[in-house]
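Throughout, residue positions are numbered sequentially from 1 according to the sequence presented.
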Amino acid sequence: MIDSIILYFQFFTRIPIPVAITEPEKKMRSGVRFFSLFGLMIGFIEAIVYWFLQVLFTPSIAWILVLFFDVLLTGGFHLDALSDMADGLFSSRKRERMLEIMKDSRVGSNGVLAIVFYYLLITFSFFSLLPQITSKLQVIIVLLLNLIGKNGISLLFYQMKYAGNNAEGLGTTFLDVKKYDIGFCQLLSFLTMFLFLGKAGIVCFIISDLVIMIYRKMVINKVGGFNGDTLGACSPISQAVFLLTLVIMRGFL
C-alpha cells in the first residue's frame with residue numbers, strides 16, 4: 001500500500017518524494033485498490049488550503065484560488081489529458097489519426113473548449129451551491145473532488161484494452177488490473193461519499209459511475225480502447241458530474 005501511494009504521489013503530483021520504489025509498474029497496478037484513497041489524500045491537502053483561504057477571503061475567491069493550487073500541486077496532469085482527449089476524439093477523423101492528434105503537444109480548439117467548459121461548469125456549480133451550504137460542507141466538497149476523479153478512472157481499468165502504439169505508454173501500466181482491486185476502490189469511494197454526504201453522496205456516486213460507463217463506451221467505439229489521455233480525462237469529467245449532481249441534490253444537503 002505505502003509503495004503504491006508513494007508512486008502515485010511521485011507520478012500524479014509535483015510533491016517531491018525522493019524514494020526509489022522497486023517494480024513501480026507492478027505496484028501502481030496492484031495499488032489501484034487504493035486509488036480513491038490517494039485522491040482523498042490530495043483532497044485533504046486541498047481542503048486544508050481551502051479552509052484557510054475562505055477564512056482570509058470569500059468562499060468564491062477561495063474556490064478560484066484552490067483550483068489554481070490544484071494545478072500547482074498536480075501540474076494540471078489530468079487537465080492536459082482532457083485537452084488532448086477532446087482534440088483527438090472530437091476531430092471527426094479515423095481512429096489512427098485521432099490517436100496521433102492526442103500525441104501532439106499542441107492544443108487545438110476542441111482542447112481549449114474542453115478546459116474552458118470544465119472550469120465554467122465546476123465554478124458556477126460551486127457558486128450555485130454557496131447560498132445553501134455551510135463552510136463545513138464547502139470543505140467536504142473540496143475534500144471529495146479528487147476522490148471522485150480517481151474513482152472514475154479506476155472504473156475504466158475494468159477489462160481495459162490499450163489503444164496506442166507506445167508499448168511503454170501510461171495506459172499499459174494499468175492493463176490487467178484485477179477486478180477485486182477495482183471493486184475495493186469503488187467500495188471505498190462509495191462508503192466515503194456516504195459518510196460525508198449521506199444519501200446525496202450515494203446519488204452522486206451512482207450518477208458519476210453511470211456517466212463514466214457512457215464515456216467508456218464512447219471511447220471504445222471511437223478508438224477501440226484507452227491510452228493515458230482518455231484515462232486521465234475521466235478525472236475532470238467525473239468532477240464536473242459530481243458538482244452538477246450536487247446542484248441537482250442541493251435541497252438534500
For the student: nearest non-hydrogen atoms of [X] and [Y], plus distance:
X: Glu46; Y: Asn146; result: OE1-ND2, 3.2 Å
X: Thr173; Y: Arg29; result: O-NE, 2.9 Å
X: Ser238; Y: Gly152; result: OG-CA, 3.6 Å
X: Gly75; Y: Arg14; result: CA-NE, 3.4 Å
X: Ile237; Y: Met85; result: CD1-CE, 4.1 Å
X: Cys185; Y: Ser154; result: SG-OG, 3.4 Å

Strictly distance-based, threshold 3.5 Å: is any side-chain N or O of [X] a donor or acceptor partner for the main-chain N or O of [Y]?
X: Arg216; Y: Tyr158; result: yes
X: Ser189; Y: Ser36; result: no
X: Gln54; Y: Trp51; result: yes
X: Asp87; Y: Gly111; result: yes
X: Gln132; Y: Arg250; result: no
X: Arg93; Y: Met98; result: no
X: Ser208; Y: Cys204; result: no
X: Asn110; Y: Phe90; result: yes
X: Tyr180; Y: Arg33; result: no
X: Gln239; Y: Ile148; result: no

Answer with yes or no whether the hydrophobic clustering places [X] together with [Y]; edges join I, L, V, M, F, W, Y residues whose side-chain heavy atoms lie under 4.5 Å apart.
X: Leu243; Y: Val71; answer: yes
X: Met28; Y: Leu37; answer: yes
X: Val107; Y: Tyr119; answer: no
X: Val55; Y: Leu53; answer: yes
X: Val116; Y: Tyr118; answer: no

Please determine if Glu100 and Lys103 form a salt bridge, counting it only when a charged side-chain N lies under 4.0 Å from a carboxylate O.
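Result for this pair is no, no salt bridge flagged.
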Assess, by modelled atom type and distance only, whether the side chains of Lys27 and Thr22 contain a donor and an acceptor separated by less than 3.5 Å.
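On atom types as modelled, these side chains qualify, holding a pair under 3.5 Å.
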Quick one about Asp80 and Ser83 (side-chain donor to acceptor, distance below 3.5 Å, no hydrogens or angles considered), yes or no?
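Looking only at side-chain atoms, Asp80 and Ser83 do not form any donor-acceptor pair under 3.5 Å.
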For side chain to side chain contact (heavy atoms under 4.5 Å, CB included), just list the numbers for Phe174 and Val177, CA-CA rounded to whole Å, side-chain angles, deciding distance to a tenth of an Å, and then say yes or no.
CA-CA 6 Å; Phe174 296 102; Val177 173; 4.1 Å; yes
How long is the straight-line distance from [atom2] of [Y] back to [atom1] of [X], given to the nearest 0.5 Å?
X: Ile133; Y: Leu246; atom1: CD1; atom2: CG; result: 8.0 Å
X: Phe117; Y: Leu82; atom1: CZ; atom2: CG; result: 12.0 Å
X: Leu67; Y: Ile122; atom1: CG; atom2: CD1; result: 4.5 Å
X: Leu210; Y: Ile206; atom1: CG; atom2: CD1; result: 7.5 Å
X: Thr13; Y: Met41; atom1: OG1; atom2: CE; result: 10.0 Å
X: Ser125; Y: Trp63; atom1: OG; atom2: CH2; result: 9.0 Å

Tell me if the [atom1] atom of [X] is crowded by more than 12 foreign heavy atoms within 6.0 Å.
X: Phe194; atom1: CZ; result: no
X: Asp176; atom1: CG; result: no
X: Phe127; atom1: CZ; result: yes

What verdict does the side chain to side chain contact (heavy atoms under 4.5 Å, CB included) test give for Asp70 and Val66, after you've listed the backbone C-alpha separation in whole Å, the side-chain angles of each residue and the deciding distance to 0.1 Å?
CA-CA 6 Å; Asp70 177 76; Val66 84; over 6 Å; no
Using a 4.5 Å cut-off on heavy atoms from C-beta on, say whether the side chain of [Y] contacts that of [X].
X: Phe44; Y: Leu40; result: no
X: Leu65; Y: Val49; result: no
X: Ile45; Y: Phe69; result: yes
X: Val247; Y: Phe124; result: no
X: Ile5; Y: Ile2; result: no
X: Leu197; Y: Met249; result: no
X: Ile153; Y: His78; result: yes

Walk me through whether Val241 and Leu244 qualify under side chain to side chain contact (heavy atoms under 4.5 Å, CB included).
CA-CA 5 Å; Val241 171; Leu244 287 170; 5.7 Å; no
Before we go on, tell me: are the rings of Phe35 and Phe12 under 6.0 Å apart, centre to centre?
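Yes.
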Centroid-centroid distance, Phe77 to Phe11, less than 6.0 Å:
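Centroid distance Phe77-Phe11: below 6.0 Å, so yes.
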Which label fits Phe38 and Tyr8: parallel for a plane angle under 30°, tilted from 30 to 60°, or perpendicular past 60°?
tilted
Angle class for the Phe226/Tyr215 ring planes (parallel below 30°, perpendicular above 60°, tilted otherwise)?
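Plane angle between 30° and 60°, so tilted.
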Pair Asn151-Phe205, side chain to side chain contact (heavy atoms under 4.5 Å, CB included): steps then yes or no
CA-CA 9 Å; Asn151 178 77; Phe205 176 86; 3.7 Å; yes
